[in-house]
Amino acid sequence: MSIQSNFIKSIMETDLETKKHSEIITRFPPEPNGFLHIGHARAIITNFELANSFGGKTNLRFDDTNPSKEDDIFVQNIISDIRWLGYEPDGIYYASDYFEEMYERACILIKKGLAYVDESSPEDIKNMRGSTGTKGVESPYRNRSIDENMTLFQAMKDGKKEEGSCVLRAKIDMSSPNMNMRDPVIYRISFDHHHHRGNDWVIYPMYDFAHPIEDAIEGITHSLCSLEFEDHRPLYDWVVRETEMPKVPRQIEFGRLTIENTVMSKRYLRQLVEENKVVGWDDPRMPTLKGLRRRGYTPEAIRRFILESGLSKINSTIDSSMLDAALRDDLNLKAPRLMAVKDPLKVIITNYPENQVEMLEVELHPDIESLGTRSIPFSRELYIEREDFEIEKPNKKYKRLYLGGEVRLFHAYFITCTKVIYKKDGSIDYLEATYDIETKSGSGFDARKPNGTIHFVEATQAVPVTFNVFGPMVLDEEEGDIISRFKEDSWQTYQGYAEPYITSLNIEDKCQFKRLGFYTIDKETNNHEIFINEIVTLKSSK
Ligand code: ATP
Ligand code: MG
């Protein structure tokens, strides 16, 4: 599946046809201050797929201009996540490697009378900028001489000025209706250690100044970003022009991806991690790529979901069932079919010989012969799903077991429930049933129609497993801050059993448990315990 036509692709086509560009070069520019989430996947896939469709290039560039929040751990995980999604950047760059050039470019602005050192307090600067309805007020430092500005900027760079004591501002227009053009701050002082540049620098460029220069240095032709940067575009163009960058990139905005009931902001995700609401950035409920991966989502399904949801100029909220559908489509093609019970109810087959276990040879996937077969045991003691039994058949549509009723067990025999054994508290302890040897799967028996087909796990060789089942961490309709909205019950566990073949699967392997859904082996699994994550159920519950 490749990228559909969209408004950005059309622009690129025109730019190649008119020879404005001979090659398409895009970039994905994350700030290494957190882990990537599925919203970033839209930006990654869009950038790589658009460039690929024209034989172009895509850079990964860390927009690392804010030392206090960034860390190399995020850098490394971003790289591995992009590779996991299936993309290899043409180059991996760091904005902080361009600090020397950015400094020179800032000096060009000063020398043109287009930047000045402002010693007003941050609060005064904020107040002087005014608001959308009112004009801004010019700073008393706005008309310093070029020489004075050069000297002060040099002093900032040399660490002779205190943090917060002054900033460099672009001199643009304090009465512009676009707040971004009201003399934006372009450099600030910070003595924090930088994960990539160490203590080389004590002045750091602001995003709006740094980003266009980074793009221009790399010869990015189309700088794609999400919609919230639309109002920054005039400043982007101003910086490229006034700093006299030889190459001119073009910023184009696209709508952000939002999925219903899904937190899609690094800031909130970070809060959930820091306040221990989740077990980490890779908690299977997290929409981070690490979380989705642990949950069992595949890169193929994520790519398909992003490509199918298209690219629009406006922000859109997408129904999560679309992602589920992409997962089912992908997993259906590759996941072996196994049997497991999530909520076990024991059944004793009273007419089956004691101490006998027969092995049934069953294919792993109905459409992929090359996956081969495995043996599943059958004996006098089995587990079925508690919800597959009712004392009385409740209605005609009910196609499961009931007292006196007969069902087919997948790959095995028909059984008829003959007795219900209760515990002291009145709940069901176990069932007794009889099987009919004539009805063995594959024998062609068709004299009676059973009341449905259910799955089972043979009891003596059943492997105990813990099922992890996940729901949304927050619901869109609930109000309040992220911590108070967090649903503590969004991770449910069940103690169940799986057929013996489960022990041959490794962490991250996927399978389908018949009638239940698609599952993967969680990373907590070890030689003593197996943890299984529900990826998605078989049918949409909506
Ligand atoms: P967040 O808002 O979650 O903190 P961010 O935008 O601050 O994310 P960056 O590291 O700056 O995170 O993002 C890198 C790129 O990913 C940016 O170009 C941004 O536009 C894009 N991006 C982030 N979130 C989304 C989203 N939900 N949909 C589409 N693109 C996104
Ligand atoms: Mg951002």
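Values reported hereafter were calculated over all heavy atoms of this structure, with side chains retained and with hydrogens, waters and symmetry mates removed. As the structure lists them, so they are numbered: ligands from 1, and atoms in each ligand from 1.
In this structure, His196 and Tyr94 have parallel ring planes: the angle between them is below the 30° cut-off, well short of the 60° mark.
Among the atoms of His40, some N or O lies under 3.5 angstrom from an N or O of ligand 1. Considering backbone and side-chain atoms together, His37 places an N or O closer than 3.5 Å to an N or O of ligand 1. Close N/O approach between Leu257 and ligand 1 is found [any backbone or side-chain N/O within under 3.5 Å]. Backbone and side-chain nitrogen or oxygen atoms of Arg42 are examined, and none is located within less than 3.5 angstrom of a nitrogen or oxygen of ligand 1. Considering backbone and side-chain atoms together, Glu228 places no N or O closer than 3.5 Å to any N or O of ligand 1.
For the pair Lys157 and Tyr103, the distance from NZ or CZ to the six-membered ring centre is under 6.0 Å and the angle to the ring normal is within 45 degrees. Within the cation-pi definition used here (under 6.0 Å to the ring centroid, within 45° of the axis), Lys290 does not qualify as a partner of Phe35.
Per-residue contacts place Phe254 under 4.0 angstrom from the following atoms of ligand 1 (heavy atoms of the residue considered): 29 (C), 30 (N). Counting atoms of ligand 1 from 1 in the listed order, those under 4.0 Å from a heavy atom of Ser265 are 3 (O). Applying the 4.0 Å criterion to heavy atoms of Ala43 picks out, from ligand 1, the atoms 16 (O), 21 (C), 30 (N). The distance from ligand 1 to the heavy atoms of Phe28 drops below 4.0 Å at these ligand atoms: 14 (C), 15 (C), 16 (O). Listed by number with element, the atoms of ligand 1 under 4.0 Å from a non-hydrogen atom of Ser226 are 19 (C), 20 (O).
Residue nearest to atom 2 (O) of ligand 1, selected from Arg270, Lys266, Arg267, Arg256: Arg256 (by heavy-atom distance). Looking at Ser223, Pro32, Pro30, Gly39 and measuring to atom 26 (C) of ligand 1, the nearest heavy atom belongs to Gly39.
Scanning both residues, Pro140 and Ser120, for their nearest heavy atoms gives CD-OG, 4.4 Å.
The aromatic ring centroids of Tyr93 and Phe62 lie 6.0 Å or more from each other. In this structure, His211 has its ring center under 6.0 Å from that of Tyr207.
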* To do: Start with the C-alpha gap between Gln512 and Asn332, add the side-chain angles, then the distance that decides, and say whether side chain to side chain contact (heavy atoms under 4.5 Å, CB included) holds.
  => CA-CA 8 Å; Gln512 182 196 102; Asn332 203 26; 4.2 Å; yes
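Salt bridge annotation for Arg105-Glu242: absent, with no cationic side-chain nitrogen under 4.0 angstrom from a carboxylate oxygen.
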